[in-house]
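Presented below is the structure to which this report refers.
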Amino acid sequence: MTPPTSKTIFVLNGPNLNLLGQREPEKYGTSTLDDVRELCEETASGLGLAVEFRQSNHEGVLIDWIQEARASGSGIILNPAGYTTTSIAIMDALLAAELPVIEVHITNIHRREEFRHHSYVSKVAEAVIAGAGVHGYRLALEHMARLL
Ligand code: DHK
């Protein structure tokens, strides 16, 4: 149990990550998004943090959640998935949030197709974790705890 005064970290997941475990498992692994949620909740509670873990396939919903984090959160961990390379609107929402942001990619996007290499989120992130599989979420929470 985390104390009610815990800082809340919003862990937000973008499009198609609801299919984790089924989608291209040779790249993304066999853990499901529920497994990742559990991993995050366990890690956060060990660090004295609370976690708000969410996934959406919709850019505007992700932006609404970033704005919610701005109002009530202490940090944002974001796997922007397919919006990484396209969303100036998500980057602007992160800038407006004025919170530490850690970007996570399950795969090493730099070892993949060139169109995956550019990230608007990286321009505003404190740290970027890519290629550590779902363990990257644990690393992100541990680093967030150090930042706060
Ligand atoms: C997930 C996606 O859905 C892709 O669009 C990104 C990222 C990579 C990941 O590795 O978690 O290019």
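Since we're looking at a predicted model, the values are computed, not measured. Just so you know, ligand 1 is whichever comes first in the structure, and atom 1 is the first atom listed for that ligand.
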Taking the side chain as every heavy atom from C-beta outward, state whether [X] and [Y] have any atom pair closer than 4.5 Å.
X	Y	result
Leu99	Ile66	no
Thr84	His118	no
Ile102	His143	yes

> Should Asn79 and Glu103 be marked as a side-chain contact (heavy atoms from CB on, under 4.5 Å) after you check the CA-CA gap, both sets of side-chain angles, and the distance that decides it?
Replying inline: CA-CA 6 Å; Asn79 184 343; Glu103 178 181 359; over 6 Å; no
>> Tell me whether Arg116 at atom CZ has more than 12 heavy atoms from other residues, nucleotides or ligands lying less than 6.0 Å away.
In response: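 Count over threshold, so yes.
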> Are the side chain of His117 and the backbone N or O of Arg112 linked by a donor-acceptor pair below 3.5 Å?
Replying inline: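 Present.
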>> List the protein residues in contact with ligand 1, where contact means a heavy-atom separation under 4.0 angstrom.
In response: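 Contacting ligand 1 under 4.0 Å are Arg23, Tyr28, Asn79, Ala81, Gly82, His105, Ile106, Thr107, Ile109, Arg112, Arg116.
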